[in-house]
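Since the structure comes first, as structure tokens, the remarks are kept for the end.
In what follows, chains are A, B, ... by sequence order, proteins preceding strands, each numbered from 1. What's counted below: heavy atoms across the whole structure, side chains too, no hydrogens, waters or symmetry copies.
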Amino acid sequence: MLINKRLIAAHFWLAFIVFGVALVLGAWQMFVRSPLNAWHFNPEFYYRSVTAHGSAMGYVFPTLIAMGFGYAITEASLEKELVGRRWAWVGFFLVAVGAVVAMIPVSLGLASVLYTFYPPMVGNPFYYIGVVMVVVGSWIWVALMVTNFVIWKRENPGKPVPLAMYANVAGSLLWGWTAVGAALEILFQILPVALGLKSTIDAGLARVFFSWTLHAIVYFWLIPTYIAYYTIFPRAIGGRLFSDAMARISFILFVVVAMPIGVHHLFADPQVGAGFKFMHSVFTGLVALPTLLTVFTICASAEIASRLRGGRGAFGWIGALPWSNPIMLATALSLVMLGFGGAGGLINMSYQLDATVHNTQWITGHFHLIFGGAIVIMYFAIAYDLWPHLTDRALDSFGLMRTQLWLWFIGMIVTTFPWHYVGILGMPRRMAYYDYANPAISPQALSVTMSAIGGFILLLSGLLFLLVLIRGQFGARGEAGAYRFAVPLHMPERIPVALNSFGLWLALMVGLTVVNYGFPIAQLMALNETSVPAVYVGAGR
Amino acid sequence: MSDQPLFSLRNPWFGASVGITAAIAVLSAVAGLIWLPLAQPNLKLAGVWDAICSAAGVPRAAVQETGIKPDFKTSNVVMTSEMLTKVNQVSIGRGATLAQRCAICHGPQGVSDAHSPNLAGQFAAVTYKELNDFKTGARVSVVMSPFAAAMSDQDMKDVAAYYAYLPRVPSNNLDTGRPAPVIVVTGAPMRNIAPCGSCHGDVDNKAGSPWLGGQSAVYIKAQLEAFASGARRNDISQQMRNIARQMTADEIDQVAHYYEAQP
């Protein structure tokens, strides 16, 4: 039962428009620093583009998807209208206006600091103010999700909260807490310098604050994908979810351990002690657990669907799955990319192995494979699944959808596998220029060319995706019926209070934050003379 | 269900989740803060508390070591991007008088054909730094050192302000159609050479880097060779020595003639 369809559709459309623009920038970046391009451009344009690409793809696009999907889940799973519709629109416009405010200085070359800010580099204050607006807009969404959750629970005492809503609130709470790190960094470290009130910045402390956000933001991006795995995929292929409780435990594990692990992004930074780096490494390892649980549950759910369709044998059931169904295809391709990306992630998170790939193209390859690959392909699936319910029109270009999904998968593999490889060869990331004529670098030329071609394939796939959605806006009118989520094999009648609430898990999340971040932050704040002169980007031109 | 207590030891979920989380946290802390540091032979820790402090990142007193002092003077000028950028008319006036003694080599208008640097329009911070280095002995020249020796700090600032105030005059060898050498535009990343233009103009200008347009090719070449050989060493942190040592004789020739032909 979707009531505020315009609200939801507005979020998705803006998200995909931003995605389309950022995708073009991404493909351009792949091209200009590959051997396909002779060196004839200002490297500053490259960093502008990377900042815009990263900010759009990292902050705006997934946030809008999570918000739009969150509103859809609230109405569809709780079977009532969203409480706080006006506030939802306020949040939407904050994100939209914030994105524009941030992008203006970036496109003028006044804030080429990359989306991870990289203090002591400091750009135009409006860039940071725009990002803060996006985050504040998303915090309105967090508040609305929690409010709707609490109201429903009060109206339905004793009933289990539907899984989709439970997971959705888990994602919003995780984001609410993890965004605090970047907010602290911007408000207390960067903005005073960007506004000219100070000329020095404690770069080490600022980066620790950012690491607080930087890892769990990935899980915030991931949660809509996991919700789609658990609540859309089994229904779309005509099966049942293998275990409702296992799904809840996976999301709970993300809430508890996804956040106090960010220092693994600072393994090469000197300002955090080795002992705390080790502790963060251990907890990063734990985060593999909910993903392994998920892969198991989803494969089991697929097997149920296949056997219901007559699939037989130990592996024969795989062939009997409905492979022509775009959701089936997207989920399978997503899991393959998640597998490769996750395996690479285990290397990044281990304190010693990271040293071999730190700040190389391996890292770029890793997060594109996980986010751009495994996560975004499920955003496509969510849109395909939801579109007929938003437009009340048929979305039936199935051949086009399958082509698009395959192209995205192939493009992402062709882009990221060579990236991983050149990373092992030592190719640094965040560089506008590589001298491929040099004997030391020339062996990387072929791989970089391949990954640039992958980028073009991704661009083609992205355009096809937008084409499918646009066609969906003009399809034949029809009634899509109520939007439903997958039914578990055993419908939960009574579940433990711990699996139906978040109090305990939030306490553990905050507690672990204090344990893992408390001392490093307190120490850096107490130390004197840790600030360095800010490097103003784009100043004096 | 809703009447079940959540934060209670009667709730098995509470005991198990808190217990497991705490156990992992304690085990990882013991391993990361005590066991692993003590297992490293090179850390030379005094005990468990020392290990914890070391692994937690508490700053420790640096080991006293006898630093190696160079056997020559280094520049003591601290460069900032704001340095000497504020125009002061009195200073310019004083500088104009003081600069009369410079005119024989640097020209009455700050421009000359004597293969000494053209100073008209040069950044004040640059002229000031070089005078300072001549005075302290960080840079040595039989001609310039005696002049600088007698100058006060204010004298040097005034002369620098005056030359910065003079307009740049187009070079006699002006040839703006001349293509920029690769080393100027892109540098040579694999030899750790940044593009010349990223500090000396064209692409960007960095604090303390002189404007090179219109300078004598003979002078530029002589300075690059002096940097390469180590005869000149007043560049902060060896910035120019590291670059000049990696440049080929051909590249030095190219940039010298390129910059001479620039406005």
Side-chain angles (χ1 to χ4, degrees), chain A residues 39-40 42-44 153 156-160 199 252 256-257 260 270-283 285-286 351 431 433-435 437-441 493-501 503-505 507-508 511-512 515-516 519-520 523-524 527 533 536 539-541, chain B residues 1-8 10-22 24-38 40 43 51-60 80-82 85 182 185-191 193 195 197-198 202-207:
Chain A
W39 170 252
H40 58 60
N42 182 348
E44 156 65 17
K153 275 185 76 171
N156 299 274
K159 275 199 203 167
S199 60
I252 286 168
V256 176
V257 294
Q271 75 273 23
V272 180
F276 281 98
K277 287 176 179 169
F278 177 79
M279 289 172 70
H280 281 247
S281 187
V282 169
F283 280 94
L286 275 184
Y351 195 1
M431 297 261 295
Y433 170 66
Y434 304 90
D435 181 4
N438 189 287
I441 295 191
E493 294 299 326
R494 285 175 57 82
I495 59 172
V497 62
L499 294 186
N500 202 38
S501 64
L504 177 58
W505 313 120
L508 281 177
L512 271 183
V515 169
N516 280 5
F519 182 79
Q523 183 196 225
L524 286 169
L527 279 177
Y536 289 95
R541 292 240 170 87
Chain B
M1 183 175 69
S2 55
D3 47 8
Q4 281 176 10
L6 181 60
F7 291 95
S8 158
R10 282 186 296 137
N11 178 3
W13 288 84
F14 175 77
S17 62
V18 174
I20 292 171
T21 311
I24 294 171
V26 169
L27 281 177
S28 66
V30 169
L33 296 170
I34 300 175
W35 176 52
L36 285 174
L38 286 176
Q40 291 183 56
L43 273 181
I52 293 174
C53 290
S54 154
V58 176
R60 293 139 64 86
T80 67
S81 46
E82 294 286 300
T85 50
V182 174
V185 185
T186 63
M190 293 312 293
R191 279 181 283 150
I193 301 181
S198 65
D202 289 2
V203 180
D204 202 350
N205 185 261
K206 300 278 158 58

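Taking all atoms of both residues into account, the shortest heavy-atom contact from A:F278 to B:A31 is CE2-CB, 3.5 Å. Among all heavy-atom pairs drawn from B:A25 and A:M279, the shortest one is O-CE, 4.1 Å. Here the closest heavy-atom approach between residue A:G275 and residue B:L33 is recorded as CA-CD2, 3.7 Å. Looking at every heavy atom in both residues, B:L6 comes nearest to A:S501 through CD2-OG, 3.6 Å.
Residue contact with chain A, scored on non-hydrogen atoms closer than 4.5 Å, involves the backbone and the side chain of B:F14 alike. Heavy-atom distances place the side chain of A:F519, and not its backbone, under 4.5 Å from chain B. Looking at A:L504, both its backbone and its side chain come within 4.5 Å of chain B, counting heavy atoms on both sides. For B:A51, no part lies under 4.5 angstrom from a heavy atom of chain A. Proximity to chain B (any heavy atom under 4.5 Å) is shown, for A:Y351, by neither the backbone nor the side chain. Neither the backbone nor the side chain of A:L524 comes within contact range of chain B; no heavy atoms are under 4.5 Å apart. Residue contact with chain A, scored on non-hydrogen atoms closer than 4.5 Å, is absent for B:P12. Contacts of A:L286 with chain B are made by side-chain atoms alone, with heavy-atom separations under 4.5 Å and no backbone atom involved. Only the side chain of A:A440 comes within less than 4.5 Å of a heavy atom in chain B; its backbone stays farther off. Neither the backbone nor the side chain of A:S281 comes within contact range of chain B, judged by heavy atoms closer than 4.5 Å.
Contact tally against chain A (heavy-atom pairs below 4.5 Å) for B:G32, B:A22, B:P37: the top residue is B:G32.
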side-chain contact (heavy atoms from CB on, under 4.5 Å), that's the test. Do B:W13 and A:L499 meet it? Break it down for me.
CA-CA 9 Å; B:W13 288 84; A:L499 294 186; 3.7 Å; yes
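Residues A:Q523 and B:P59 meet the side-chain proximity criterion, which asks for heavy atoms closer than 4.5 Å.
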